[in-house]
Amino acid sequence: MNNGGARRMNGGGEEDDDEDYVNGDLDAWERTYTDERSWESLQEDESGLLRPIDNKALYHSQYRRRLRSLSSTATAARIQKGLIRYLYLVIDLSRAASETDFRPSRIVVIAKHVEAFIREFFDQNPLSQVGLLTIKDGVAQCLTDLGGSPESHIKALMNKLECSGDSSLQNALDLVDGYLNQIPSYGHREVLILYSALSTCDPGDIMETIQKCKKSKIRCSVIGLAAEMFICKHLCQETGGTYSVALDESHFKELILEHAPPPPAIAEFATANLIKMGFPQRAAEGSISICSCHKEAKVGAGYTCPRCKARVCELPTECCICGLTLVSSPHLARSYHHLFPIAPFDEVPPFSLNDPNHKLQRNCFGCQQSLLNPGNKPGLLVVCPKCKGYFCLDCDIYIHESLHNCPGCDSFRHSKADKE
Amino acid sequence: MKFQIEDVTVYFPYDHIYPEQYSYMIELKRALDAKGHCLLEMPTGTGKTIALLSLITSYSLSKPQSPIKLIYCTRTVHEMEKTLAELKLLHNYQIKHLGPQARILAIGLSSRKNLCVNPTVLAAENRDSVDAGCRKLTASWVRAMAAENPNVPTCQFFENYEKAASAAVLPPGVYTLQDLRAFGKEKGWCPYFLARHMVQFANVVVYSYQYLLDPKVAGIISKEMQKESVVVFDEAHNIDNVCIEALSVSVRRQTLEGATRNLNRISQEIDRFKATDASRLRSEYNRLVEGLALRGNLPITDTWLSNPALPDDILKEAVPGNIRRAEHFLHVLRRLVQYLRGRLETDNVEKESPVGFVASISSHAGIDQKTLKFCYDRLHSLMLTLEITDTDEFLHIQTICDFATLIGTYARGFSIIIEPFDERMPHIPDPVLQLSCHDASLAIKPVFDRFQSVVITSGTLSPIDLYPRLLNFHPVVSHSFTMSLTRDCICPMVLTRGSDQLPVSTKFDMRSDPGVVRNYGKLLLEMVSVVPDGIVCFFVSYSYMDGIINTWNDSGILKEIMQHKLVFIETQDVVETTLALDNYRRACDCGRGAVFFSVARGKVAEGIDFDRHYGRLVIMFGVPFQYTLSKILLARLEYLRDTFQIKEGDFLTFDALRQAAQCVGRVIRSKADYGMMIFADKRYSRHDKRSKLPSWILSHLRDANLNLSTDMALHIAREFLRKMAQPYDKTGGSDRKTLLSQEDLEKMGDGSVHEMLY
């Protein structure tokens with residue numbers, strides 16, 4: 001019979017005296033930490049210094065990403081993706097955001113990673129726009145309107161990090177719905193809510209608001225910082241978003257960055273349609289003109305709208321005068337890699353290195369560093385399935401996350417073209 | 001899926017089975033083979049009901065030469081419907097695989113209130129009035145009268161049913177109460193009487209505990225069940241209390257006043273009959289002289305509640321001479337009521353044995369034991385003779401007669417306790433005379449004796465060795481199963497100290513300590529800020545809950561709690577509580593979050609589920625011991641010690657812990673669910689208390705969670721909730737297999753399943 005539990009209890013000893021066990025059992029709580037023996041995973045190198053142990057974690061996160069991209073390519077080679085995204089980032093600044101279970105506090109952690117996210121987001125989605133919203137004292141406020149400039153968003157956010165009051169999901173959704181309803185139909189409407197609170201104080205029926213969001217095709221995703229809430233789960237399920245809860249800071253970072261690559265397009269929007277865009281030229285250096293976005297005179301370094309000749313400071317944006325979408329061609333090109341991702345590299349089992357066929361490739365194709373660990377032991381490495389070039393892990397991450405081109409494939413293609 | 005257990009082919013309607021369900025079936029099968037009784041504990045949410053149903057029906061199918069009948073007892077109508085719905089699914093599956101030979105008849109049986117389709121009768125508000133309303137239309141004399149005078153109203157449904165006579169049968173199939181009503185409406189037959197009739201022929205009968213345990217009801221409903229039956233008591237952790245209540249009677253001042261009114265009415269009726277139809281009374285007298293208490297076979301509509309004593313204890317003798325005449329019987333009853341009224345007017349608590357009480361009755365009121373014993377049958381006969389149909393009016397005199405018959409019949413296992421006031425409110429006189437049964441084995445003995453196998457099962461039957469002693473039977477199988485989980489989705493904790501390291505407890509000398517009250521408040525306050533959606537709190541009693549909520553209110557803790565979650569409170573008023581529960585659910589749904597304050601042993605603790613987001617955390621404040629100064633409890637403890645050698649402390653702890661387990665078990669209703677349980681009392685960390693919790697809770701109670709203070713618990717809660725919010729693989733991966741497919745079962749022998757579970 002299963003009295004294993006009971007037997008274990010016996011082992012804990014009888015506490016007949018009411019007061020006796022208080023001291024004896026205290027270390028039981030500490031025991032979980034003792035059991036993990038986290039200090040044993042520390043290692044010393046030859047010179048007696050502690051070797052950093054985050055290698056594993058790094059490798060793991062990379063592996064995760066690889067799997068993810070693998071699955072997305074496996075399901076459908078040509079998934080239509082929403083490249084033009086209009087994302088509202090809702091940041092919960094209620095009382096709960098000032099809690100200190102994330103160090104130094106939730107809101108500081110959130111701000112830090114939101115900054116990284118916004119940069120990453122524009123890096124991956126140059127055609128998209130972001131707006132910031134905060135919830136504080138039960139009211140949702142618009143911090144920045146939709147726009148394409150990471151700096152202005154980050155600056156606006158960093159100035160407003162005081163937390164107080166309750167949180168209201170409904171108010172935030174209503175506000176977002178009002179804003180996103182106006183954007184053109186080719187854009188993907190998205191909300192990402194960073195929710196610290198565990199409750200929502202709403203003025204009305206939130207279920208109606210959720211239905212409204214569903215009707216306006218707004219994809220709502222939530223990242224919780226404390227625990228799973230039913231209403232958030234419901235919201236995400238209804239609107240096709242994802243719901244996740246962060247375990248700790250690094251997990252939170254991972255979760256928020258998962259929202260940077262564009263999501264698959266919603267079926268209703270999948271019909272191809274043409275979008276009018278302008279490709280403005282950079283204005284001459286030294287010329288003085290009044291920029292239309294900040295309404296102040298600036299010297300040089302601006303762009304001129306090809307239709308109305310107004311001056312704007314940054315790309316991509318929408319012209320304030322004629323409403324034309326202004327982008328630069330590299331932006332468009334950069335968005336392409338989502339549609340044609342490079343295949344994930346295969347892991348090479350270490351023993352095959354001893355194979356005489358592979359003797360030539362002792363160095364990483366990307367960085368030309370030796371692929372062998374100190375002591376001539378083979379380290380972990382990967383191989384591109386197309387060009388069969390070997391890469392170290394650092395290059396693997398760099399190629400997949402920043403470069404989006406395989407140097408091996410590209411150089412081979414060039415050399416082939418040269419020959420012909 | 002379909003698989004073999006020894007020589008039985010089991011048809012199971014789902015594609016996968018939990019390993020514990022499989023071993024549950026194996027144990028159950030052994031008990032059936034041995035034709036003995038068994039005790040099985042398996043946590044809720046593991047599909048107990050379907051495992052039971054599919055094994056027993058498959059067992060019956062595989063042995064067509066000796067078909068067994070399944071009698072399935074549930075506690076509530078809701079559970080009855082759920083069981084029947086599940087059976088329906090199973091039945092369809094079996095028909096699909098076996099063809100028409102798998103056809104069975106399965107019906108649910110409930111009171112008229114749940115089965116009646118006559119709109120005029122159904123308009124009555126409570127069960128007794130519906131019963132009376134039905135009798136008014138269907139009693140044999142009413143129908144006889146209606147045959148002569150068409151203006152006398154009768155029930156059309158019943159008339160049609162009678163007319164159809166032997167043609168009125170249910171075709172094979174599974175009928176829930178709703179199906180029965182629909183069938184009745186369609187055919188124009190009375191579903192209640194149809195169901196009562198079909199109970200004898202059905203392969204599966206689902207009804208309430210009372211129909212087997214309460215001799216008053218069992219005598220008319222379950223009299224003709226065959227011996228080759230398997231009786232299942234589901235959710236049977238409180239079965240001893242049900243047994244005891246079935247044989248206990250309490251008499252209050254209102255009862256006596258009502259009884260006097262009833263007697264006056266009866267005497268008027270007698271006078272009326274004397275004037276108009278004296279022959280009826282005379283013929284009754286003659287019948288009683290001949291020694292027939294009842295008129296042989298009564299029409300089904302005239303049967304009333306039957307004798308409150310157990311069938312073996314009823315004397316098959318003639319009614320004593322001094323109560324054969326109606327007037328004389330009436331005098332005896334008047335004297336009895338008078339005597340009881342005298343006994344109620346006392347200033348002290350009195351406790352007496354039935355023997356002493358009967359002796360005192362016979363010396364003061366001149367009624368001897370044998371007369372008392374026959375009171376019930378005599379009243380029944382008289383009411384029939386007088387053609388009284390509004391039986392709901394006569395409940396009071398009926399209670400008195402129940403009481404008289406029981407004290408006349410039993411000398412052991414009972415005691416009579418008279419309390420002039422409720423101990424908790426000594427200023428309000430509320431005298432009550434209670435005949436309380438102490439021996440749970442009395443009421444259930446006929447069930448054990450009569451039926452081949454009795455299965456007692458529940459999520460909380462720990463310690464499992466106590467039940468055979470309490471109910472006085474010998475199980476051939478008694479087993480407790482754990483849950484195989486894909487992840488550790490329950491997190492029990494024992495909290496012994498507040499954040500200031502002072503111990504917390506609801507021990508009598510500590511419970512009103514402001515430090516304890518404050519620490520409990522702080523615990524809840526901290527928890528509402530880290531736990532999403534619903535939290536349920538159980539207190540040891542209503543008075544303690546009222547007290548602690550008042551203190552929290554005064555110290556502002558309640559207000560702070562309300563900033564995070566709304567607060568709902570269970571009250572003794574059913575309607576109010578239902579409303580509170582409804583709003584609680586809405587608050588959980590819309591994300592506002594809510595706390596529900598409830599009481600262990602209350603209605604909510606017993607029957608309401610707080611699954612999924614309706615209960616992410618349950619806090620048990622204190623150990624829910626019974627009110628130990630209660631005279632009834634003391635008498636029962638004394639009896640248990642003398643008769644069954646069960647120590648007082650053991651029984652009290654057992655009873656408290658099963659209530660606690662019942663309360664905390666409310667949060668987990670399926671494996672996909674998750675929840676935390678906090679036992680907030682320092683006494684839980686003692687081994688003798690803790691070890692009585694069911695093994696499925698104990699196996700998750702890690703050493704590290706045993707002696708926590710508030711801040712530690714808070715930390716664990718945070719970690720647990722984050723962990724649980726992560727996506728997981730439902731089938732449980734390769735190392736912890738929690739879902740078995742047909743191939744898995746075929747691949748492995750019994751051995752490997754056992755290995756996995758134990």
Side-chain angles (χ1 to χ4, degrees), chain A residues 1-6 8-19 21-22 24-35 95-96 99 101 166-170 197-202 204-207 224-235 243-248 251, chain B residues 479-482 496-497 501 503 505 528-534 563-565 588-593 612-614 616 674 682-683 685-688 690-691 693 695-709 712 715-727 757-758:
Chain A
M1 235 186 78
N2 45 41
N3 45 15
R8 190 151 41 94
M9 302 302 148
N10 279 329
E14 290 275 343
E15 308 97 358
D16 283 325
D17 198 324
D18 271 6
E19 310 304 325
Y21 59 86
V22 173
D25 244 19
L26 190 64
D27 45 13
W29 177 67
E30 293 160 0
R31 219 173 289 148
T32 43
Y33 297 92
T34 322
D35 285 346
R95 207 180 318 119
E99 285 205 27
D101 52 347
D166 292 315
S167 168
S168 167
L169 211 51
Q170 193 192 11
L198 283 173
S199 63
T200 156
C201 274
D202 299 323
D205 185 5
I206 188 162
M207 298 297 172
L225 279 100
E228 183 185 73
M229 266 178 76
F230 171 77
I231 192 71
C232 295
K233 202 173 181 182
H234 181 73
L235 168 71
Y243 181 41
S244 44
V245 175
L247 287 169
D248 49 28
H251 189 225
Chain B
H479 208 122
S480 173
F481 301 88
T482 46
T496 54
R497 291 159 290 148
Q501 304 301 323
S505 176
V528 291
S529 66
V530 301
V531 178
D533 302 326
Q563 286 197 332
H564 294 279
K565 291 192 191 302
C588 291
D589 278 338
C590 77
R592 180 63 182 89
R612 297 178 297 132
H613 60 286
Y614 297 126
R616 286 293 180 216
Y674 65 89
K682 66 171 182 171
R683 286 173 290 177
S685 74
R686 296 177 53 148
H687 180 255
D688 60 327
R690 199 178 55 211
S691 61
L693 287 170
S695 55
W696 60 275
I697 295 182
L698 273 186
S699 62
H700 287 89
L701 187 59
R702 295 180 298 138
D703 278 359
N705 292 358
L706 272 188
N707 185 13
L708 304 175
S709 66
M712 293 167 174
H715 180 78
I716 293 174
R718 277 203 178 113
E719 264 187 9
F720 175 78
L721 287 169
R722 288 214 170 98
K723 211 165 72 195
M724 285 301 123
Q726 306 307 319
L757 276 176
Y758 316 124

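Proteins come first, then strands; the chains are lettered A, B, ... in the order of their sequence lines, and each starts at number 1. For clarity, every value in this text was computed on a predicted model and none was experimentally measured.
A salt bridge does not link A:Lys233 to B:Asp533: none of the charged nitrogens lies less than 4.0 Å from a carboxylate oxygen.
At a 4.5 Å heavy-atom cutoff, the contact between A:Ile206 and chain B is made by side-chain atoms alone. Residue B:Phe720 does not touch chain A at all, counting heavy-atom pairs closer than 4.5 Å. Looking at A:Asp202, only its side chain comes within 4.5 Å of chain B, counting heavy atoms on both sides. In this structure, chain B has no heavy atom under 4.5 Å from any part of A:Gln170. Of the atoms belonging to A:Leu169, not a single heavy atom falls under 4.5 Å from chain B. Both the backbone and the side chain of A:Met229 come within less than 4.5 Å of a heavy atom in chain B.
For the options A:Ala96, A:Ser244, A:Ala246, heavy-atom pairs under 4.5 Å to chain B are most numerous at A:Ala246. Among the candidates B:Gly534, B:Ala725, B:Gly591, the residue making the largest number of heavy-atom pairs closer than 4.5 Å to chain A is B:Gly591.
Separation of atoms CG (A:Leu198) and NZ (B:Lys565) is listed at 6.0 Å; rounding is to 0.5 Å. Interatomic distance, A:His234 NE2 to B:Asp589 CG, rounded to the nearest 0.5 Å: 8.5 Å. In this structure, the separation between CD1 on A:Ile231 and CZ on B:Arg592 is 13.0 Å, given to the nearest 0.5 Å.
Using a distance-only test at 3.5 Å, with no hydrogens or angles considered, no donor-acceptor pair links the side chain of A:Glu228 to the main chain of B:Leu721. Remark: side-chain polar atoms of B:Arg722 are paired, donor with acceptor, to backbone N or O of A:Leu225 under 3.5 angstrom.
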